[in-house]
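Scroll down for the structure; my scribbles are underneath it.
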Amino acid sequence: MGKTYIFGHKNPDTDSIISSIVMADFERKMGNEDVISCRLGMVNKETEYVLNYVGVQEPELIEDLEDGAEVIIVDTANPGELIPNLSNVKIKKIVDHHQVLLNTAYPLFYRAEPVGCTETIMYKLYKENNLEINKKIATLMLSAIISDTLLLKSPTCTPDDVKAVKELSKIAEIEYEKYGLEMLKAGTDLSSFTIEQILNLDAKSYKFKETNSIIAQVNTASIPEVMKMKEDLEKGINKIIKEKNLDLFMFLITDIINSNSQTITLGRRADIVEKAYKVKLENNTALLPGVVSRKKQVIPIITENA
Ligand code: MG
Ligand code: MG
Ligand code: MG
């Protein structure tokens, strides 16, 4: 048997990167030695903070794989977010907490739960298989859960996520609230990125009926700080709209302290956002009070109003 490549989605977030590392540890403990953690894009600042803290190397960057390669997919089940020749590789497992958008012509291990983070499911898998979670792995897992649930404050957070964080923080010997805030803040440092990179850090493509869209998000501790770049962000967004022939680009600047988002929305279907949130976009922008989760508070509402 050849290598098994493990990876999450493009524009990887902390959960995608950490899940590829943790899944490799899990597989090795289950007796599958020949596994390799991979990523489909640049590591963001928040993830970099975690990897440095724990002292773990970033997964290997890949763009595609040879036909027939064996893979494990984590933190997505959306073919559009994966490698181009997905239909020619052999998917052995998927562990995810998103909408199921992928099917195969053959059976596979598929574990999906509507929890806040892939790592909450991985935590259960270790338990179910009586596998030990060491301090490093515990720190990684809890970091991913804190990231995806914005320190357990996001509406995507479930009691299972809270339980996992509490138990993992004991193993990791970490005060998760203090550590988590530092970690989230590290992710708000956009100083080394170009406008194009900022718009791409956490961007996902969607098709809502006939509306080709991108919904991108950045975390911040200060919305006004990011809004200083508004003009450049708008230029960047308009460029992407033109290049990709989009109908809608919704950019969310999410305040992780106060749990609000400011949106900059452009495109000829920007009206969908106005209708969905009953707001008026003034100079292409509006505050969306209480909105922090793309998965729960944006995608379903935009789908309904498209
Ligand atoms: Mg993710
Ligand atoms: Mg996730
Ligand atoms: Mg996210």
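Under the salt bridge (charged side-chain N to carboxylate O under 4.0 Å, His left out) criterion, K239 pairs with E243, sequence neighbours left out.
At a cut-off of 3.5 Å, with distance as the only test, a side-chain donor of S261 or T254 sits close to an acceptor on the other residue.
Under a 4.0 Å N-O distance rule, the pair E274/K280 qualifies as a salt bridge. With respect to E167 and K127, a salt bridge is recorded, a charged nitrogen being found less than 4.0 Å from a carboxylate O. A salt bridge between D271 and R269 is present, with a side-chain N of the basic residue lying under 4.0 Å from a carboxylate O of the acidic one. Taking the charged nitrogens against the carboxylate oxygens, K136 and D25 have no contact shorter than 4.0 Å, which rules out a salt bridge. Between E234 and K230 there is a salt bridge, with a side-chain nitrogen of the basic residue lying less than 4.0 Å from a carboxylate oxygen of the acidic one.
Side-chain contact between Q57 and I21 is absent, with no heavy-atom pair separated by less than 4.5 Å. Side-chain contact between N129 and F26: present, with at least one pair of heavy atoms (C-beta onward) separated by less than 4.5 Å. Within the 4.5 Å cutoff, the side chain of I257 has heavy atoms near those of the L181 side chain. Counting only heavy atoms from C-beta outward, the side chains of F7 and I73 approach each other to under 4.5 Å. Looking at heavy atoms from C-beta onward, Y176 lies in side-chain contact with L151 at the 4.5 angstrom threshold. Put simply, the side chain of L40 reaches to within 4.5 Å of the side chain of I62, judged on heavy atoms.
For the atom pair CE of M227 and OG1 of T220, the computed distance is 11.5 Å after rounding to the nearest 0.5 Å.
Following chains of ILVMFWY side-chain contacts shorter than 4.5 Å, one can reach M23 starting from I133, so the two form part of one hydrophobic cluster.
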